[in-house]
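The next block holds one structure in the form of structure tokens; read it before the comments.
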Amino acid sequence: MTDNLRDALTGLLVGRGAFALVDAAVNSCNPEVESLCNRLGISCCILPSPPSKNLESAAKVWTFLSDNGATRSSVLVNIGGGSVTDLGGFCAATFKRGIDYVNCPTTLLAAVDASLGGKTGIDFNGLKNEVGAFRIPVATIISPGLLASLPFGQILSGMGEVIKTGFIHSSEMARDALERVKALSEVPGRIVEMGDMIRRTADVKLSIVDADPLEKGLRKVLNFGHTAGHAFESLSMERSGEQGAASHGHAVAQGLLVALVISHVRLGLDSIWLDRLASTLRTHFPPIIYTCDDYPHLLSIMSHDKKNPSPDSIRFTLLESPGEPVTDFEVSSEEIRTALDITRDYLHI
Ligand SMILES: NC(=O)c1ccc[n+]([C@@H]2O[C@H](COP(=O)([O-])OP(=O)(O)OC[C@H]3O[C@@H](n4cnc5c(N)ncnc54)[C@H](O)[C@@H]3O)[C@@H](O)[C@H]2O)c1
Ligand SMILES: [Zn+2]
């Protein structure tokens, strides 16, 4: 299962001091990870599951590196989901003014999104990703076998980002992503055979990041579905607490439907795509319930999204058709309310 990991790491780490952060859940489900690190002479720091992405954890990682003699030429290997790749990337970006790091994502969301592109960071003062840095990993090694132990909810969360990427890339990729959700719902273990889908999705993200490494423009297409998605995520978090809340990708999947509805009304996106996504969501994703009483709160979260330059303008990434995204499209609160109504009708909530 870890053969490609062993081969890739051996090549990358030769002659360099290497250190690894390993998510405890990954470590207990895949004991071969720790033995691989031992064989390669990598010192391991096991992070509690779920890993916290905060200043205290960052201090623990800096201490681990410092106490074990890491130097400017050392490499940090992050083995875990997005929490570990964000935290480890941030610690690598700051330790001795920056050391190299390698990501080995173990969640689907990290494999297709979080582990790629060089955005690193930690949560601070109750704000998500408040402190961070751009630093590109020297490599991201995806070993689909490590995803076998993922709970189905985590697979669905990753599929939210896979569907998003499909829509911004092409009709063919969007249709394929929706079909994969059905296949995974029948047999979640099939994820380990979906290296082709993971690779294609990761490649789309990488090509967008390459064209806009510091998020000046084009990279905003990756925000598709996230304006409403973040609002659903926050609402769910407020209602159910961090543990019981809908996962990020799950909230994004529902946010995608809001964005597709607005895209249909404003840009003439074919309604077949709304029908297809809504049917996938109804069948496979538990709905994040909201009523019209929640609209003022949802709108206020959307308008405070840091991607909006002023509180009055709510900007969305929309689609003319799959593969034809439009960024910074200003949408009025009335139009958003209507889209939230239509989304509820589609989801039967
Ligand atoms: N930097 C970026 O561009 C970017 C993009 C998207 C998300 N993110 C960040 O990613 C984080 C979320 O990442 P995530 O969804 O991967 O969650 P996560 O890393 O918190 O992992 C989710 C849960 O799965 C467990 N887990 C991980 N791998 C496992 C495996 N193989 N088997 C069994 N359990 C496993 C973890 O212990 C944890 O309990 C957020 O902090 C978000 O801000 C960053
Ligand atoms: Zn996302």
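Note that the numbering runs from 1 along the sequence shown for the chain.
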* To do: Start with the C-alpha distance between N78 and L76, add both sets of side-chain angles, then the distance that settles side chain to side chain contact (heavy atoms under 4.5 Å, CB included), and finish with yes or no.
  => CA-CA 6 Å; N78 302 317; L76 182 64; 3.7 Å; yes
* Give the C-alpha distance, both sets of side-chain angles, the deciding distance and a yes or no for side chain to side chain contact (heavy atoms under 4.5 Å, CB included) between L274 and V261. => CA-CA 7 Å; L274 285 67; V261 169; 3.8 Å; yes
* Asked: Please walk me through it: do T338 and I336 pass side chain to side chain contact (heavy atoms under 4.5 Å, CB included)?
  -> CA-CA 5 Å; T338 306; I336 299 172; over 6 Å; no
* After noting the C-alpha distance and the side-chain angles of K164 and E161, does the key distance pass the salt bridge (Lys or Arg N to Asp or Glu O under 4.0 Å) rule? -> CA-CA 5 Å; K164 171 204 81 176; E161 298 288 356; 3.0 Å; yes
* What do the steps show when you test T343 against Y290 for side chain to side chain contact (heavy atoms under 4.5 Å, CB included), and what is the final call? -> CA-CA 10 Å; T343 300; Y290 62 95; 3.4 Å; yes
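Across every non-hydrogen atom of A111 and I142, the tightest pair is O-CD1, 3.5 Å. Nearest heavy-atom pair, P51 versus V84, reported as atom, atom and distance to 0.1 Å: CG-CG2, 3.7 Å. The minimum heavy-atom distance between R72 and G98, with the atom names listed, is NH2-O, 4.2 Å. Taking all atoms of both residues into account, the shortest heavy-atom contact from F224 to A259 is CE1-CB, 3.5 Å. Here the closest non-hydrogen pair linking M237 and A245 is CA-CB, 3.7 Å. When all heavy atoms of A246 and I288 are compared, the pair lying nearest together is CB-CD1, 3.6 Å.
Taking CG of D294 as the start and OG1 of T291 as the end, the distance is 4.0 Å to the nearest 0.5 Å. Going from atom CG of L218 over to atom OG1 of T327 covers 8.0 Å, rounded to the nearest 0.5 Å. Here I99 contributes atom CD1 and L65 contributes atom CG; the two are 5.5 Å apart, rounded to the nearest 0.5 Å. From F329, atom CZ reaches atom CZ of F316 across 11.0 Å, with rounding to the nearest 0.5 Å. To the nearest 0.5 angstrom, I262 atom CD1 is 10.0 Å from L257 atom CG. Here OG1 of T10 is found 7.0 Å from CG of L36. Values are rounded to the nearest 0.5 Å.
A donor-acceptor pair under 3.5 Å is formed between the side chain of T317 and the backbone N or O of K220. At distances below 3.5 Å, not a single donor-acceptor pair connects side-chain atoms of K205 with backbone N or O atoms of V112. Without hydrogens or angle criteria, R219 side chain to P213 main chain gives a donor-acceptor distance under 3.5 Å. Although no hydrogens or angles enter the test, the distance criterion places no donor-acceptor pair under 3.5 Å between the side chain of D176 and the main chain of E172. In this structure, H230 contributes its side chain and H226 its backbone to a donor-acceptor pair below 3.5 Å. The main-chain N or O of A110 is found under 3.5 Å from a side-chain atom of S115 such that the two form a donor-acceptor pair. When atom types are taken as modelled, the side chain of D212 and the backbone of G217 share a donor-acceptor pair closer than 3.5 angstrom.
Between R276 and D270, no side-chain nitrogen of the basic residue sits less than 4.0 Å from a carboxylate oxygen of the acidic one, so the salt-bridge criterion is not met. Note on E233 versus K128: no salt bridge recorded, every NZ/NE/NH1/NH2 to OD/OE distance being 4.0 Å or above. Between R344 and D341, at least one side-chain N (NZ, or NE/NH1/NH2) sits under 4.0 Å from a carboxylate O, which counts as a salt bridge. For K182 and E186, the salt-bridge test passes: some basic side-chain N is under 4.0 Å from an acidic carboxylate O. The pair E193-R190 does not meet the salt-bridge criterion, since no charged nitrogen lies less than 4.0 angstrom from a carboxylate oxygen. The existence of a salt bridge linking D196 and R180 is confirmed by a sub-4.0 Å separation between a basic side-chain nitrogen and an acidic carboxylate oxygen.
None of V75, T85, I136, T120 except one satisfies the side chain to side chain contact (heavy atoms under 4.5 Å, CB included) rule with Y101; the exception is T120.
Counting only heavy atoms from C-beta outward, the side chains of V77 and C104 approach each other to under 4.5 Å. L277 has its side chain within reach of I163: a pair of non-hydrogen atoms, C-beta onward, lies under 4.5 Å apart. The shortest side-chain heavy-atom distance between F90 and D86 does not fall under the 4.5 Å cut-off. For the pair E130 and D123, the minimum side-chain heavy-atom distance is 4.5 Å or more. Using a 4.5 Å heavy-atom cutoff, the side chains of S170 and P322 are not in contact. Residues L318 and P325 are not in side-chain contact: their nearest non-hydrogen atoms beyond the backbone lie 4.5 Å or more apart.
F285 meets the ring-ring contact (aromatic ring centres under 6.0 Å, His included) test with H250; sequence neighbours excluded. Partners of K60 under the side chain to side chain donor-acceptor pair (under 3.5 Å) rule, at least two apart in sequence or in another chain, do not exist in this structure. Qualifying side chain to side chain donor-acceptor pair (under 3.5 Å) partners for Y346, counting only residues two or more places apart in sequence or in other chains: D275.
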Residues 148-160, side-chain donor-acceptor partners within the protein, below 3.5 Å, at least two apart:
{"unit_1": "S157", "atom_1": "OG", "unit_2": "S247", "atom_2": "OG", "d": "3.3"}
{"unit_1": "S157", "atom_1": "OG", "unit_2": "G249", "atom_2": "N", "d": "3.1"}

What pairs of donor and acceptor atoms, side-chain ones from residues 15-25 against any protein atom, are under 3.5 angstrom apart with sequence neighbours left out?
{"unit_1": "R16", "atom_1": "NE", "unit_2": "S73", "atom_2": "O", "d": "3.1"}
{"unit_1": "R16", "atom_1": "NH1", "unit_2": "D100", "atom_2": "OD2", "d": "3.3"}
{"unit_1": "R16", "atom_1": "NH2", "unit_2": "S73", "atom_2": "O", "d": "3.3"}
{"unit_1": "R16", "atom_1": "NH2", "unit_2": "D100", "atom_2": "OD2", "d": "2.8"}
{"unit_1": "D23", "atom_1": "OD1", "unit_2": "A25", "atom_2": "N", "d": "2.7"}

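Residues N38 and S35 have side chains that never bring a donor and an acceptor to within less than 3.5 angstrom of each other. Side-chain contact annotation: N129 with K53, donor-acceptor N/O pair under 3.5 Å present.
For CZ of R39, the number of neighbouring non-hydrogen atoms (other residues, nucleotides, ligands) closer than 6.0 Å is greater than 12.
Within the structure, side chain to side chain donor-acceptor pair (under 3.5 Å) pairs that include any residue of residues 257-266 comprise R266-E335 (at least two apart or interchain).
The aromatic rings of F167 and W273 lie perpendicular to each other, with more than 60° between the two planes, well past the 30° mark.
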